Amino acid sequence: QVQLVESGGGLVQPGGSLRLTCAASVNIFSIEVMDWYRQAPGKQRELVASAPRYGSRYYDDSVKGRFTTSRDVAKNTVWLQMNSLKPEDSAVYYCAARSSLSGAPDYWGQGTQVTVSS
């Protein structure tokens with residue numbers, strides 16, 4: 001079973017930056033796709049970014065040009081760099097692992113809170 005642990009959330013002012021990290025209990029290269037989701041109160045969970053083992057990374061239109069995700073094989077982590085943050089980015093952010101390109105996530109982290117406010 002895969003364990004995922006997110007860290008790096010917190011309070012930041014609009015226009016600021018945060019870097020989220022997801023640590024995995026298995027070699028991240030063995031995971032087909034690492035995803036980042038977010039969920040705000042009263043809103044549905046949405047996919048923010050995806051980092052497959054091969055091929056192009058995916059970003060939701062709402063974060064394109066501002067967020068970047070990648071795997072750090074040496075540290076066995078995946079990170080999400082969030083720049084130019086907006087209040088509407090406030091949410092609980094989750095990392096998730098997929099065993100196939102088209103399947104649903106198989107494992108989830110506990111989530112980390114990101115709050116963008118002045």
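Worth saying up front: this structure is predicted, and the values here are computed from it rather than measured.
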Q: Would you sort out whether D89 and V114 count as a side chain to side chain contact (heavy atoms under 4.5 Å, CB included), showing the intermediate values?
A: CA-CA 8 Å; D89 294 318; V114 173; 5.6 Å; no
Q: When hydrophobic residues are tied together by side-chain contacts of less than 4.5 Å, even through go-betweens, does V92 share a cluster with L47?
A: yes
Q: For I28, does its backbone N or O pair with a side-chain atom of R71 as donor and acceptor, under 3.5 Å?
A: yes
Q: If I take atom CD from residue E32 and atom OG from residue S102, how far apart are they, to the nearest 0.5 angstrom?
A: 9.5 Å
Q: Please check if M34 and V26 belong to a single hydrophobic cluster, counting links between Ile, Leu, Val, Met, Phe, Trp and Tyr side chain heavy atoms closer than 4.5 Å.
A: yes
Q: Of all the heavy-atom pairs spanning R98 and G103, show the shortest one and how long it is.
A: CD-O, 2.8 Å
Q: Can you list the steps and then say if V48 with Y59 is a side chain to side chain contact (heavy atoms under 4.5 Å, CB included)?
A: CA-CA 6 Å; V48 176; Y59 300 96; over 6 Å; no
Q: Would you name the heavy atoms of S70 and V78 that are closest together and state the gap between them?
A: O-CG2, 3.1 Å
Q: Show the nearest heavy-atom pair for residues G10 and L18, with the distance to one decimal.
A: O-CD1, 3.9 Å
Q: Nearest 0.5 angstrom please: L11 CG to S118 OG, how far?
A: 9.5 Å
Q: How many angstroms lie between SG in C95 and CD in Q110, if you round to the nearest 0.5 Å?
A: 7.5 Å
Q: Going by the side chain to side chain donor-acceptor pair (under 3.5 Å) test, name the single residue among E46, E88, R38, K86 that passes it with S62.
A: R38
Q: Where do W36 and T21 come nearest, in terms of heavy atoms and distance?
A: CH2-C, 4.0 Å
Q: So do V12 and T115 actually touch side chain to side chain, heavy atoms under 4.5 Å?
A: no
Q: If I take atom CG from residue N83 and atom CZ from residue F67, how far apart are they, to the nearest 0.5 angstrom?
A: 8.5 Å
Q: Any cation-pi pair here, R45 with Y94, using under 6.0 Å and within 45°?
A: no
Q: Is there a donor in the side chain of T77 and an acceptor in the side chain of D72, or the other way round, less than 3.5 Å apart?
A: no
Q: With a 4.5 Å heavy-atom cut-off, do S117 and S90 have their side chains touching?
A: no
Q: Under 3.5 Å, is there a donor on one side chain and an acceptor on the other for T68 and R19?
A: no
Q: Could you tell me the separation between the CG atom of L4 and the OH atom of Y107, rounded to the nearest 0.5 Å?
A: 9.5 Å
Q: Determine whether W79 and Y93 fall in the same hydrophobic cluster, where Ile, Leu, Val, Met, Phe, Trp and Tyr are linked whenever their side-chain heavy atoms lie under 4.5 Å apart.
A: no
Q: Is there a donor-acceptor pair under 3.5 Å between the side chain of T112 and the backbone N or O of G9?
A: yes
Q: What closest approach, in Å, do T69 and S50 show between heavy atoms, and which atom pair accounts for it?
A: CG2-O, 3.9 Å
Q: Indicate the atoms forming the closest heavy-atom contact of L20 with M82, along with that distance.
A: CG-CE, 3.7 Å
Q: Output, in order, the C-alpha distance, side-chain angles, deciding distance and verdict of side chain to side chain contact (heavy atoms under 4.5 Å, CB included) for V2 and D106.
A: CA-CA 9 Å; V2 178; D106 301 290; over 6 Å; no
Q: Name all residues meeting the ring-ring contact (aromatic ring centres under 6.0 Å, His included) criterion together with Y37; count only those two or more places apart in sequence or in a different chain, and write none if there are none.
A: W108
Q: Would you say the side-chain atoms of N76 pair up with the backbone N or O of S25, donor to acceptor, closer than 3.5 Å?
A: no
Q: For Q39, look at atom CD and say whether over 12 heavy atoms of other residues, nucleotides or ligands are found less than 6.0 Å away.
A: yes
